[in-house]
Visitor: 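Questions regarding the structure given below will be posed in turn.
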2 protein chains.
Amino acid sequence: MRLTTKGRYAVTAMLDLALHEGRGPISLADISERQGISLSYLEQLFAKLRRNDLVRSVRGPGGGYQLSREQGRINVAEVIDAVNESVDATGCHGKGDCQSGQTCLTHHLWCDLSDQIHAFLSSISLCDLVKRKDVQEVALRQDRERADQLIMSTGEPASAERKAAV
Amino acid sequence: MRLTTKGRYAVTAMLDLALHEGRGPISLADISERQGISLSYLEQLFAKLRRNDLVRSVRGPGGGYQLSREQGRINVAEVIDAVNESVDATGCHGKGDCQSGQTCLTHHLWCDLSDQIHAFLSSISLCDLVKRKDVQEVALRQDRERADQLIMSTGEPASAERKAAV
DNA sequence: ATTTAACCAAGTAAAACAGTCAGCTAATCG
DNA sequence: CGATTAGCTGACTGTTTTACTTGGTTAAAT
Ligand code: FES
Ligand code: FES
């Protein structure tokens, strides 16, 4: 089992999609800036998310990605599963044969742990996360920062002063 | 977070130690044979386990390792912690600064997950595992196989016939 | 003195991670 | 039409980790 930035990025990106849902597709460039994830890396992750029917894509200008299902029907476990192999803690993928074909001493423990983790992560939907206060606070900060970035990039003189003040 | 054979080996080896406790120290060679883990790799893992005060070593002939505490006072989480870095699912080690110094969108989710996993694994002691029926069955099989190996290695002629019969 | 088994340092092949780079295709807009 | 946007794809790269192996040294028992 492994949970690295790969799985964390995937969930973060999906949550970003959920938070900004409603006004058409979201481009990966937007997610990249807001969440601080490399654009090319996001493309790789979204290829997998798309293959697993978690998102739909729209090409061309104004295009981007949308959730393929409603937020309440996408849970964290399946997002991680889509990019990682799985949230499986066993070394035998549940088969009970990791010690040269036979069950190892700790097989049942890892099965229990896997069940535990899977139950926890699959009980949390994107909708649940969107409703959380801590998530909303971070999202608000990110949106504010993104707005500032856009003002600066369009060459607004006031933005330089605002930055100096900080 | 990662849970690979490293952590699994460590727990398996500690459980082997717990199962065969009572008749003096257990050599790594014994554990290696019973659990099918490379001896040199075990040495590396036990160096860490010893540094974390989970085992005591006895050198010389008849030497080996013993649990440094009673079985009920050693839990699975600390064994994994000793060889791995930790069972931490966050990218910031709980600090909340993985997005260039600021809290990322999913930080709290990974904190919750970490708590969940830690609570589960730290609630299970070696003593609990030893008592489990599935563990006892595997241990019985392994001890039987080990006995057969010893008979064969001492050149008992009957062992060849026994193997042929299987 | 020899054997046993812990202890230690270094190296290694293979895999995974976290990207980058270069180029392609589909849709929109002026 | 052509330029731009943004999704899509494949290959490639540096770094880290994994799961070992090799080759020793040291302490204790026989
Ligand atoms: S983890 Fe399933 S048999 Fe070892
Ligand atoms: S995981 Fe803690 S801030 Fe991102």
Side-chain angles (χ1 to χ4, degrees), chain A residues 1-13 17 20 24-33 35-52 54-68 80 83-86 88 91 98-100 104, chain B residues 1-13 17 20 24-33 35-52 54-68 80 83-86 88-89 91 98-100 104 153:
Chain A
M1 194 224 157
R2 62 202 101 102
L3 180 54
T4 60
T5 53
K6 199 184 203 171
R8 281 194 293 266
Y9 279 174
V11 177
T12 302
L17 231 54
H20 299 90
I26 312 292
S27 72
L28 291 188
D30 279 1
I31 300 178
S32 170
E33 300 256 7
Q35 307 304 332
I37 306 171
S38 143
L39 177 59
S40 315
Y41 199 38
L42 273 177
E43 283 177 345
Q44 286 178 43
L45 297 181
F46 271 77
K48 294 187 179 184
L49 294 173
R50 204 172 71 98
R51 260 176 250 139
N52 286 69
L54 291 167
V55 292
R56 294 196 175 286
S57 64
V58 180
R59 298 178 76 148
Y65 286 90
Q66 286 169 314
L67 299 177
S68 65
I80 295 174
V83 293
N84 252 355
E85 321 284 356
S86 65
D88 183 15
C98 90
Q99 193 181 176
S100 57
C104 75
Chain B
M1 195 224 154
R2 63 203 102 103
L3 180 54
T4 60
T5 54
K6 199 185 204 170
R8 280 193 295 265
Y9 278 174
V11 176
T12 302
L17 231 53
H20 299 88
I26 312 292
S27 73
L28 292 189
D30 279 359
I31 301 178
S32 169
E33 300 257 6
Q35 307 305 331
I37 306 171
S38 145
L39 177 59
S40 317
Y41 198 37
L42 273 177
E43 284 178 346
Q44 286 177 44
L45 297 181
F46 271 77
K48 293 187 181 186
L49 293 172
R50 205 172 69 99
R51 258 176 252 138
N52 285 70
L54 291 167
V55 292
R56 295 197 174 286
S57 64
V58 180
R59 297 177 77 149
Y65 287 90
Q66 286 170 314
L67 298 179
S68 66
I80 295 174
V83 293
N84 252 354
E85 319 285 354
S86 66
D88 183 15
C98 90
Q99 192 182 177
S100 57
C104 75
S153 67

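Just so it is clear: chains get the letters A, B, ... in the order the sequence lines come, proteins before strands, and each one is counted from 1.
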Visitor: Tell me the interatomic distance from B:L42, atom CG, to C:dC8, atom C1', rounded to whole angstroms.
Guide: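 Spelled out: CG on B:L42 to C1' on C:dC8 is 16 Å.
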Visitor: Rounding to a whole Å, what distance do you find between B:Y65:OH and D:dA28:P?
Guide: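 Going from B:Y65 (OH) to D:dA28 (P), I get 14 Å.
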Visitor: What residues, two or more places apart in sequence or in another chain, satisfy side chain to side chain donor-acceptor pair (under 3.5 Å) together with A:Q35?
Guide: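 Listed in chain order: A:D16, A:Q142.
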Visitor: Using atom CG of B:D30 as one end and atom C1' of C:dT4 as the other, report the distance to the nearest whole Å.
Guide: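 That distance rounds to 12 Å.
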Visitor: Under 4.0 Å, counting only non-hydrogen atoms across every strand here, what does B:F46 touch: a base, just sugar-phosphate, or nothing?
Guide: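 B:F46: no heavy atom of the nucleic acid under 4.0 Å.
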Visitor: Rounding to a whole Å, what distance do you find between B:L28:CG and C:dT4:P?
Guide: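 Distance, rounded to whole Å: 16 Å.
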Visitor: Taking N or O atoms only and anything under 3.5 Å, show me the protein contacts with nucleotides 1-5 of chain D, one pair per line.
Guide:
none

Visitor: If we only count heavy atoms from C-beta on, is the A:L67 to A:L54 side-chain gap below 4.5 Å?
Guide: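 Not touching, per the 4.5 Å side-chain cut-off.
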Visitor: Could you list the residues that satisfy side chain to side chain contact (heavy atoms under 4.5 Å, CB included) with A:D30, not counting sequence neighbours?
Guide: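 In terms of side chain to side chain contact (heavy atoms under 4.5 Å, CB included), with neighbours along the sequence ignored, A:D30 is linked to A:I26, A:S27, A:R34, A:R146.
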Visitor: From CG of B:L49 over to P of C:dC7, roughly how many Å is that when rounded to an integer?
Guide: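 Rounding to the nearest Å, CG of B:L49 and P of C:dC7 are 11 Å apart.
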Visitor: Does a side-chain heavy-atom distance below 4.5 Å link B:S57 with B:Y65?
Guide: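 A side-chain contact under 4.5 Å exists here.
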Visitor: To the nearest 0.5 Å, tell me how far A:I80 CD1 sits from A:R2 CZ.
Guide: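 Going from CD1 on A:I80 over to CZ on A:R2, the span is 12.5 Å.
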Visitor: Measure CD/B:Q66 against C1'/C:dA5 and give the value in whole Å, please.
Guide: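 The answer, rounded to whole Å, is 14 Å.
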Visitor: Please report, to 0.1 Å, the donor-acceptor pairs under 3.5 Å made by any side chain of residues 37-48 of chain A, with sequence neighbours excluded.
Guide:
from  : atom 1 : to    : atom 2 : distance (Å)
A:S38 : OG     : A:S40 : N      : 3.4
A:S38 : OG     : A:Y41 : N      : 3.2
A:K48 : NZ     : A:V83 : O      : 3.4

Visitor: Kindly write out the residues that satisfy side chain to side chain contact (heavy atoms under 4.5 Å, CB included) with A:S68, not counting sequence neighbours, or none if the list is empty.
Guide: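 In terms of side chain to side chain contact (heavy atoms under 4.5 Å, CB included), with neighbours along the sequence ignored, A:S68 is linked to A:R56.
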Visitor: Working note: B:Q66 + B:V55, criterion side chain to side chain contact (heavy atoms under 4.5 Å, CB included); need CA distance, chi angles, decisive distance, verdict.
Guide: CA-CA 5 Å; B:Q66 286 170 314; B:V55 292; over 6 Å; no
Visitor: Quick check: does any side chain N or O of A:S32 sit under 3.5 Å from a backbone N or O of A:L28, one acting as donor and the other as acceptor?
Guide: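 No; judged by distance alone, with no hydrogens or angles, the pair does not exist.
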Visitor: Sugar-phosphate means primed atoms, P, OP1 and OP2; the rest is base. With that split, encode nucleotides 14-23 of chain C 5' to 3' as B, S or - using protein heavy atoms under 4.0 Å.
Guide: --SSBBBB--
Visitor: Tell me: CZ of A:R56 to P of D:dC8, nearest whole Å?
Guide: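 Rounding to the nearest Å, CZ of A:R56 and P of D:dC8 are 12 Å apart.
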